[in-house]
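Notes for the one structure printed next.
Chain naming here is simple, since letters A, B, ... match the order of the sequence lines and numbering starts at 1 in each. Basis for what follows: all heavy atoms, side chains included, without hydrogens, waters or symmetry-related copies.
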Protein chains: 2
Amino acid sequence: MSAHAHPDLTRNQTLVFGALAGSVGPLSAYSILDRLRGQGFRAPLQVYRALDKLIELGLVHRLESINAFVACRQPECETHGSIAFAICDRCGSVSEFADDGVTRRLEGWAKAEGFDLNKTTIELRGRCRACRVA
Amino acid sequence: MSAHAHPDLTRNQTLVFGALAGSVGPLSAYSILDRLRGQGFRAPLQVYRALDKLIELGLVHRLESINAFVACRQPECETHGSIAFAICDRCGSVSEFADDGVTRRLEGWAKAEGFDLNKTTIELRGRCRACRVA
DNA sequence: TTGCAGATGTTATAGCATTACACAACAATG
DNA sequence: CATTGTTGTGTAATGCTATAACATCTGCAA
């Protein structure tokens, strides 16, 4: 189901990734938990620990502005400095894209300021094309 | 204390803005509440309602990646499409800046995709120059 | 065998945000 | 004046998000 050849995930990590990969939109940690209760999940921490690892591996992204998570849809994800997300406030769909120009400018600012950049969050909120008309 | 000539704020809004303007770093809603208990604040909602209004007026920004709020430090804030924040993970300091190139590129993507852009979040996490050495 | 590192399970708790309901102040309107 | 609508307020309860603390287990390397 994954677009990546990901290294050996544990059972919990596999289940959490599967839940995200099988979802059309982003999921909150607690809704992941609910989907996995049938597989033996009982506590939030089981989800959060798996998510931490999956994010570290680059297989999952966290959407800060909605406290939710998505499986990475972009195979080249790792090669880009920063990824941007467009989140539709009506249907919840998420588009993932990379813009090297944006990355360059933000990295340029950081360099000029002496800011040791660790992670960049770029999230656009609004209405996707389909929901725009409706 | 404000750099803006802001329209008539209510008592609660004034108090919340004052708390943020008088703080060196960002504050969470609950820490604002604690600072204002002496002024009669008792419930989170009093803070959140004031914050909503202040954000709407452009006097306060929400930092999505740390669930906190800052008073706007940038007088020209309104004239720029999007504002970026650099948050130091060590000392908590926040730098606010606008980059028109970044704004243009993100707006360009939105236009090309037919995405009706409402709000843009750009947050850089890392270490500020001062904390970099330490 | 011992020891370590990583993953797991469980309970409890901390931190962030909103719903629901009641009331007050005020302006605009008839 | 009475009415109506809008905005802000106060309060209690609740819901959602995330982590701390502690015990256990598994696999692997020394």
Task: For A:R105, all residues meeting salt bridge (charged side-chain N to carboxylate O under 4.0 Å, His left out), sequence neighbours excluded - done: B:D99

TODO: Output yes when at least one side-chain N/O atom of A:S28 is less than 4.0 Å from OP1 or OP2 of D:dT17, else no.
DONE: yes

Open item on the list: At under 4.0 Å between heavy atoms, how does the protein contact nucleotides 9-14 of chain C? Give one character per nucleotide, 5' to 3', with B, S or -.
Closed with: BBB---

Open item on the list: For D:dT9 and B:T10 - does any side-chain N or O of the residue sit under 4.0 Å from the phosphate oxygens OP1/OP2?
Closed with: yes

TODO: Return each pair, listed once, that meets ring pair (Phe, Tyr, Trp, His ring centres under 6.0 Å) where at least one residue sits in residues 26-72 of chain B; pairs must be two or more places apart or across chains.
DONE: B:H61-B:F85

Open item on the list: Checking A:A130 now: which residues fulfil side chain to side chain contact (heavy atoms under 4.5 Å, CB included) with it, not counting sequence neighbours?
Closed with: A:C128

Task: B:T120 side chain to A:R125 side chain, donor-acceptor N/O pair below 3.5 angstrom - done: no

Task: Qualifying ring pair (Phe, Tyr, Trp, His ring centres under 6.0 Å) pairs with a residue from residues 110-134 of chain A, counting only residues at least two apart or across chains - done: none

- [ ] Inspect the surroundings of NZ in A:K119 and state if more than 12 heavy atoms from other residues, nucleotides or ligands are less than 6.0 Å away.
- [x] yes

Task: For A:N67, all residues meeting side chain to side chain donor-acceptor pair (under 3.5 Å), sequence neighbours excluded - done: A:R62

Task: side chain to side chain contact (heavy atoms under 4.5 Å, CB included) involving A:A43 - partner list, sequence neighbours excluded - done: A:Q46

Task: Interatomic distance where CG belongs to A:L51 and C1' belongs to C:dA7 [whole Å] - done: 15 Å

Task: Partner set under side chain to side chain donor-acceptor pair (under 3.5 Å) for B:S82, not counting sequence neighbours - done: B:T103

Task: Nucleotide D:dT26, atom C1' - distance to CG of A:D8 in whole Å - done: 14 Å

Task: Any residue of residues 61-69 of chain A with a heavy atom less than 4.0 Å from an atom of DNA chain D - done: A:R62, A:N67

Open item on the list: Output the rounded distance in Å from CG (B:D52) to P (C:dC16).
Closed with: 16 Å

Task: For atom OH of A:Y48 and atom P of C:dG6, their distance in whole Å - done: 23 Å

- [ ] Using a cut-off of strictly less than 4.0 Å between a heavy atom of the residue and any atom of DNA chain C, enumerate the qualifying residues of residues 84-94 of chain B by number.
- [x] none

Task: Other ILVMFWY residues reachable from B:V133 by side-chain steps of under 4.5 Å - done: none

Identify each donor-acceptor pair in which a side-chain atom of residues 15-24 of chain B lies under 3.5 Å from a protein atom, sequence neighbours left out, and give them as a table.
residue : atom : partner : partner atom : Å
B:S23   : OG   : B:G25   : N            : 3.3
B:S23   : OG   : B:G25   : O            : 2.6

- [ ] Measure the distance from CG on A:L9 to C1' on C:dA7 and round it to the nearest whole Å.
- [x] 13 Å

Open item on the list: Just the rounded figure in Å: distance from P of D:dT9 to CD of B:Q39.
Closed with: 14 Å

TODO: Would you kindly give the CD1-to-C1' distance between B:I32 and C:dA17, to the nearest whole Å?
DONE: 13 Å

